[in-house]
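A short write-up of the structure that comes next.
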Amino acid sequence: MPIITQAKSAAVVVDEAKCIAEKGCTVCVDVCPLDILAIDEGRKKAYMKYDECWYCMPCEADCPTGAVKVNIPYLLR
Amino acid sequence: MSGSDPKTEIIETDLLVIGGGTGGPMAAIKAKEANPKLRVLVMEKANVKRSGAISMGMDGLNNAVVPGYATPEQYVKEITVANDGIVHQKAVMAYATGSFPMIQYLDKLGVKFEKDGSGEYNMRKVHHMGTYVLPMPEGHNVKKVLYRQLRRLQVAVTNRYMATRLLKGPDGAIAGAVGVNTRTGEFLVVRAKAVVLACGAAGRLGLPASGYMFGTYENAANCGDGYAMAYHAGAELANLECYQINPLIKDYNGPSCAYVTGPFGGFTANNKGDRFIECDYWSGQMMLEFWRELQSGNGPVYLKMDHLAEETISEIETILHTNERPSRGRFHERRGNDYRKRPVEMHISEIGFCSGHSASGVWVDETARTTIPGLYAVGDMASVPHNYMLGAFVNGGIAGADAAEYCAGVDLPAYDEGFLKAEQERVLAPTRRGDGLTPFEMEFKTRRLVNDYLEPPKVTAKMEIAQRRFAEIRDDLSELCARDPHELLRALEMQTILDCADMAAAASLYRTESRWGFYHLRVDHPETDNENWYCHTMLYKDEQGRMSHRKREIDPYVVPVEEEEMAAYHQLRVKTPVAAE
Ligand code: SF4
Ligand code: SF4
């Protein structure tokens, strides 16, 4: 069966003005236990790549610039 | 991902620890302390800095055996009673005697426990009989402390490798494990003299009622890898029918948390605001009363705190919203839940395996040894009941020290190269397909069926349907497709979850009685049958590869328990409901 892609809302939001991924930071990506964050190759900013968040918050707590905000996923809100 | 030959690196160590959460790091630490020359490697699926059940710390010890508050004997008795007698008491005793030294050790490393003015530990009572709860209002640094100690002792760490299968030597002893990188798909084969499994609970077994697959109670990375690996290696798993089912904040699906609020005067109440259970300690009996209350039309069940003083509530908020699950506060805020005004709605969680709160897991004795020579298991996946975080530390420490000694007496075993090739094929199979079924849908369906057919009250006919449906999903694995390493990670986890679902069904069907309150409430066998089932049930893969069972006698108790005492947890319902104060 062919595979389709479907839109999802991102509960984890990165403030791109604050994110310093372009300087080499990958802290949030490194600490996420579910490995759902990534750095966008083009924009050089962190973003939520997969809708698989456990809302545990190491990404937010460990980000050096306070750029990450973890919201409760919509289905649970 | 390409379909060419897999990239494989083969390395050697003495002790391999799989899982860098709680028990795993402590096993590595204590093995190194026992023998600084020992080569110790921790293989972690995520990142040791923030992995496992305590990634954001912990708000308290739930089972601290502290001199002056409880003796190891009292604790062993309490846990025996809470588990309807089905315990390997020697292992519980090993935990209980190791409990206080471990608290002192953690304290020395820099973990903060609540103390009173004179520097004594500030113990609180939550259990039915004894006093075992030690708050950790500043317990958010546990992982940092562990990490520092791993570095200090020069323990090697590989992050982002998921262990997929254990390797065995020609004589059946452990020989290492196969790991796959979750970002590159490359293999890391670790040859080892001994292996400690510390992979956490099977927390992604049932589907949360919200439908959000990762909205689990356990860290969602803890999906049962350790159970599946132990099973496929031929180890025995004990009492898996004793599920983990928890009273949680509805939808948020995290602890509410009665252990924290209880000592401050918060309690579990029905929709009239009345208390209906005498003790909020999580046990199968407690969950049964919870379920009955919902069935009776007195639901929802709440955690009630609105009668408490403002300063008490602020203190509770500080503890609950900064530790373990700090997003709790954010959840309540959006809902307009204020502990001062409105009780918190609770519900019954989906099912899982976890000895942290029940009595199931990979069988281990008092030295954390499994039934396979050189293989150890610790923490939520090992069979020592009601272990919680402190149990993971204590048993991790026991395993590490014992494994260090074991390593000294054996040579590095050879492993079967044919087995490794076959395992690499199994792992990569989903990457060889251009299209097919996604890991997401196959996992969702498996877990949805777990809810439909395996949740208590357990019905024989329903569990048999589950087995047929799981077999269909197993056939569909030939269509499972992973387009990148992240999807491969989920595809492997999905297979682990399916293994655990099969084990849950088989184990539940084998024990033809009811026991542990709600955890194993069988409608077709409603009575507890001590004559036939006062025993452990052991599940294992037999020579022909079939899922098999046997009974294991309960070792003579080291702490005798009188008949009348045994019923203590059966009288949890409040006789005449008392009005809330
Ligand atoms: S940790 Fe913060 S600064 Fe670093 S990449 Fe992530 S969002 Fe950007
Ligand atoms: S909240 Fe947890 S799971 Fe979600 S992105 Fe952050 S670290 Fe990852």
Side-chain angles (χ1 to χ4, degrees), chain A residues 1-15 19 21 24-42 44-77, chain B residues 21 44-53 55-57 140 143 159-160 182-183 203 208-222 249-254 322 324-328 330-335 433-438 440-441 479 481 483 485-487 489-490:
Chain A
M1 271 182 280
I3 292 170
I4 56 167
T5 44
Q6 200 166 23
K8 296 273 181 87
S9 61
V12 180
V13 182
V14 175
D15 181 341
C19 174
C25 181
T26 56
V27 169
C28 58
V29 180
D30 294 341
V31 295
C32 174
L34 278 305
D35 208 9
I36 66 166
L37 305 175
I39 309 292
D40 184 288
E41 287 303 321
K44 299 277 179 244
K45 297 290 172 188
Y47 74 107
M48 181 183 187
K49 188 171 179 192
Y50 302 96
D51 181 30
E52 300 166 346
C53 177
W54 185 51
Y55 41 101
C56 48
M57 291 173 56
C59 53
E60 183 175 317
D62 295 349
C63 170
T65 64
V68 185
K69 172 92 198 273
V70 176
N71 296 294
I72 303 292
Y74 180 69
L75 291 184
L76 319 180
R77 239 176 251 165
Chain B
E44 164 59 50
K45 186 160 74 170
N47 184 313
V48 171
K49 279 186 185 159
R50 287 295 198 181
S51 58
S55 69
M56 289 298 278
H140 38 73
K143 287 292 284 185
N159 289 318
R160 304 290 172 195
T182 63
R183 289 181 176 172
S210 66
Y212 191 64
M213 288 215 299
F214 292 79
T216 47
Y217 167 72
E218 298 293 341
N219 183 327
N222 295 353
I249 301 171
K250 187 171 184 312
D251 299 337
Y252 180 78
N253 230 18
T322 57
E324 192 185 359
R325 299 307 308 274
S327 58
R328 258 186 295 228
R330 224 158 263 187
F331 172 81
H332 289 320
E333 203 182 328
R334 276 213 74 119
R335 289 265 171 118
R433 299 178 191 115
D435 59 23
L437 300 168
T438 64
F440 177 88
E441 26 186 10
E479 291 179 62
C481 175
R483 297 168 299 173
H486 184 82
E487 287 189 358
L489 159 70
R490 296 289 178 247

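Chain A is the first sequence line, chain B the second, and so forth, proteins listed ahead of strands; every chain is numbered from 1. Only heavy atoms go into these numbers, but all of them, side chains included; no hydrogens, no water, no symmetry mates. Note that this is a predicted model, so its numbers are computed, not measured.
Looking only at distances, a side-chain donor or acceptor of A/Trp54 sits under 3.5 Å from a matching main-chain atom of B/Thr216.
The side-chain heavy atoms of A/Met57 and B/Arg330, taken from C-beta on, include a pair separated by under 4.5 Å. Side-chain contact between B/His332 and A/Ile72: absent, with no pair of heavy atoms (C-beta onward) separated by less than 4.5 Å. Between B/Phe214 and A/Asp51 the shortest side-chain heavy-atom distance does not fall below 4.5 Å. Taking 4.5 Å as the limit, some side-chain heavy atom of A/Leu34 sits within range of a side-chain heavy atom of B/Asn219. Within the 4.5 Å cutoff, no side-chain heavy atoms of A/Ile3 are placed close to those of B/Glu487.
To the nearest 0.5 angstrom, B/Arg50 atom CZ is 9.0 Å from A/Cys56 atom SG. Note that the CD1 atom of B/Ile249 and the CG atom of A/Leu76 stand 11.5 Å from one another [nearest 0.5 Å].
No other option in B/Arg160, B/His140, B/Arg335, B/Glu441 has as many heavy-atom pairs under 4.5 Å with chain A as B/Arg160. Put simply, of A/Val31, A/Asp30, A/Asp35, the one with the most heavy-atom pairs under 4.5 Å next to chain B is A/Asp35. Annotation: maximal heavy-atom pairing with chain A below 4.5 Å, among B/Met213, B/Arg183, B/Lys143, B/Lys45, occurs at B/Arg183. Ranked by heavy-atom pairs shorter than 4.5 Å toward chain A, the options B/Cys481, B/Gly215, B/Ser327, B/Ser210 are led by B/Ser327. Of the listed residues (A/Lys49, A/Glu52, A/Met1), the greatest number of heavy-atom pairs within a distance under 4.5 Å of chain B belongs to A/Glu52. Note: B/His486 leads B/His486, B/Arg334, B/Lys49 in heavy-atom pairs under 4.5 Å with chain A. Contact count versus chain B (heavy atoms, under 4.5 Å) is highest, among A/Cys53, A/Cys32, A/Ala61, for A/Cys53.
Looking at A/Tyr50, only its side chain comes within 4.5 Å of chain B, counting heavy atoms on both sides. In this structure, chain A has a heavy atom under 4.5 Å from the side chain of B/Met56, while its backbone stays farther away. Contact of B/Glu479 with chain A is made through the side chain alone, with heavy-atom distances under 4.5 Å. Heavy atoms closer than 4.5 Å to chain B are found in both the backbone and the side chain of A/Leu75. For a residue to count as touching a neighbouring chain, one of its non-hydrogen atoms must lie under 4.5 Å from one of that chain's; by this rule B/Arg490 touches chain A with the side chain only. There is no contact between B/Arg433 and chain A, counting heavy-atom distances below 4.5 Å.
Summarising the geometry of B/Ala46 relative to A/Pro33, their closest heavy-atom pair is CB-O, 3.5 Å, with the distance given to 0.1 Å. Closest of all the heavy-atom pairs between A/Pro73 and B/Tyr212 is CG-CE2, 3.7 Å.
Less than 6.0 angstrom separates the ring centroid of B/Tyr252 from the ring centroid of A/Tyr55.
For the pair A/Lys8 and B/Phe440, the distance from NZ or CZ to the six-membered ring centre is under 6.0 Å and the angle to the ring normal is within 45 degrees.
Residues of residues 62-69 of chain A that come within less than 4.5 angstrom of chain B, heavy atom to heavy atom, are A/Asp62, A/Lys69 in numerical order.
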